[in-house]
2 protein chains.
Amino acid sequence: MLVTDVNEALPGGSSLLRNEPVQARSSARLTGLLDAAAGIIDEIGFERLTTAMVAERAGASIGTVYRYFPDRIAVVEALAARSIARLLERLGAAIGEADSADWHSALDLAITAQVEMYRSEPGFRAIRFSETETADRSGDADARRSLSDQLTSHLVDIFSLERTADLEFAIEVATEMSTSLVARAFLHDPQGDSRFLDESRVVVAAYLKRIPSA
Amino acid sequence: MLVTDVNEALPGGSSLLRNEPVQARSSARLTGLLDAAAGIIDEIGFERLTTAMVAERAGASIGTVYRYFPDRIAVVEALAARSIARLLERLGAAIGEADSADWHSALDLAITAQVEMYRSEPGFRAIRFSETETADRSGDADARRSLSDQLTSHLVDIFSLERTADLEFAIEVATEMSTSLVARAFLHDPQGDSRFLDESRVVVAAYLKRIPSA
DNA sequence: GGTTACCGAGCGGAACTCGATCATGGGCGA
DNA sequence: TCGCCCATGATCGAGTTCCGCTCGGTAACC
């Protein structure tokens, strides 16, 4: 498996977590709580998710939920953060394998990584809304950015060689287009409508071809 | 003003509304409640919106809120439905004026219509999340579809002459790309980042040029 | 034994109900 | 044509239920 310890993707500095797990059982708990939340969100949507449900499904008490998360919304945000971290890790591994990867084909790998996440990761769809709550509680910004936001800066970071404003913008646009088309593919079809998936690859490739610094 | 009676965009068949307004004062109430909700959402986000706030700002009692809406979430969904209805109406009017409109330029008008909505309609941003709750409670599907979904079928309807599966798909893809890029433009910049707005037009035009039946 | 983790009764506040009360307007008799 | 009547629409708000969250006490770890 690609994912080893994604709990580290939720640093204590971020206000997403109240207490950093220290003992082993604790980080198992955290994982269990997030898994429970993911399942619930898949079934009834995050708006209807209650902290009591999370506790029960994870075999914990309400108090334990609040030992880890400052409030109900933070549970969803932490789940989103974990999912995005897993996506980026997957992407990093994929780029590592394809050793001759340029930033051009990296966007294609990013699409593949997303598709895998939609198919294998419960609650991944929820990520699309994670921007929802970004609004109010500022201060720790980083862990709370949207999927396409983080994916963009990840890609930009990897290929920082010839970084120009135009290039960054192009990646931003391409990322936005691909994430939305992939999301569209999974909106109605739980397996992912292949027409949209194929088209997202075509569209991104065509778009990048028109970019000067490509 | 373009909008005459958008309450008709919330048919009683949809479970978004509990009771259809009959008397005049009633639909004024409904409008007032939705306006109140829109203002609140703009100010503090829909997660923090309480039914009591909506009631107070609209000068109504809590009971009245629940006379119209089955629950808190439905208020937001109804607002989204109204906003989408207004968008489509705006779009229809714009296409009507530009009498030689082909489906090509209609997509461009659709972008303009969206931009106007973001700029003038309180709470329009909230629409982006309205898909959130679509998930579970099925049965009345129609009024609960996402922005790009409804925009797509609206455009498809208007230009039904040469309707083919490929053409519909192309419109679907183009709509998805443009709605997401426009949303991106307004994500951080309340005035709408012009780079994204310009690029969305360019991207859509370029995409359509590659479609056979264009 | 000190720190970490867990529990769950209980509190406050927000979501939602329900029966009583007021407003409206179409019908009908004068 | 007018004006009263009352069925129905619309409003209200105290009260109930449910949910988010706290906190003091107990168990597990190292």
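What you see is a predicted model, and the numbers here were worked out from it, not measured in a lab. Numbers restart at 1 for each chain; the letters A, B, ... are given by sequence-line order, proteins then strands.
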Within less than 4.0 Å of OP1 or OP2 of [N], is there a side-chain N or O belonging to [X]?
{"X": "B:Ser61", "N": "D:dT11", "answer": "no"}
{"X": "A:Tyr66", "N": "C:dC6", "answer": "no"}
{"X": "A:Arg18", "N": "D:dT22", "answer": "yes"}
{"X": "A:Tyr68", "N": "C:dC6", "answer": "yes"}
{"X": "A:Arg29", "N": "C:dC6", "answer": "yes"}
{"X": "A:Thr50", "N": "D:dC19", "answer": "no"}

Residues A:Arg184, B:Asp149: salt bridge by 4.0 Å N-O rule =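 Salt bridge present between A:Arg184 and B:Asp149.
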Are the ring centres of B:Phe124 and B:Phe186 closer than 6.0 Å?
->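 Centroid distance B:Phe124-B:Phe186: not below 6.0 Å, so no.
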Determine, stepwise, if the pair A:Thr152 / A:Glu172 fulfils side chain to side chain donor-acceptor pair (under 3.5 Å).
-> CA-CA 6 Å; A:Thr152 297; A:Glu172 211 167 341; 5.9 Å; no
Please assess A:Arg72 against A:Val54 for the test side-chain contact (heavy atoms from CB on, under 4.5 Å), listing each intermediate value before the final yes or no.
-> CA-CA 10 Å; A:Arg72 177 183 157 276; A:Val54 175; over 6 Å; no
Check every strand shown and say whether A:Ala60 touches a base, only sugar-phosphate, or nothing at a heavy-atom separation below 4.0 Å.
->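 The answer is sugar-phosphate, as A:Ala60 gets under 4.0 Å only of primed atoms, P, OP1 or OP2.
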NA contact type, A:Arg67, heavy-atom cut-off 4.0 Å: base, sugar-phosphate, or nothing?
->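 Result for A:Arg67 = base.
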Whole-Å gap separating [atom2] ([N]) and [atom1] ([X]):
{"X": "A:Arg72", "N": "D:dC18", "atom1": "CZ", "atom2": "C1'", "answer": "13 Å"}
{"X": "B:Asn19", "N": "D:dG9", "atom1": "CG", "atom2": "C1'", "answer": "9 Å"}
{"X": "B:Glu47", "N": "D:dC19", "atom1": "CD", "atom2": "C1'", "answer": "13 Å"}
{"X": "A:Glu56", "N": "C:dG8", "atom1": "CD", "atom2": "P", "answer": "12 Å"}
{"X": "B:Asp71", "N": "D:dC19", "atom1": "CG", "atom2": "C1'", "answer": "15 Å"}
{"X": "A:Leu49", "N": "D:dC21", "atom1": "CG", "atom2": "C1'", "answer": "15 Å"}
{"X": "A:Ile73", "N": "D:dC21", "atom1": "CD1", "atom2": "P", "answer": "8 Å"}
{"X": "A:Ile40", "N": "D:dC19", "atom1": "CD1", "atom2": "C1'", "answer": "14 Å"}

Of all the choices, C:dA14, C:dA5, D:dG9, which nucleotide is nearest to the side chain of B:Gln23 once you look at every atom?
->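 Selected nucleotide: D:dG9.
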Minimum-distance nucleotide (side-chain atoms of B:Arg25 versus C:dA23, C:dA5, C:dA15) =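 The listed nucleotide nearest to B:Arg25's side chain is C:dA23.
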Contact nearer the 5' end of DNA chain D, comparing A:Thr51 with A:Gly63 |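 It is A:Thr51 whose nearest nucleotide is closer to the 5' end.
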For A:Ala52 and B:Gly59, take the nucleotide of DNA chain D holding the closest heavy atom to each; which residue's nucleotide lies nearer the 5' end?
->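 On the 5' side of the pair lies B:Gly59.
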With side chains defined as the heavy atoms from C-beta onward, is the minimum distance between A:Tyr118 and A:Val182 less than 4.5 Å?
->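 Of all side-chain heavy-atom pairs linking A:Val182 with A:Tyr118, at least one is under 4.5 Å.
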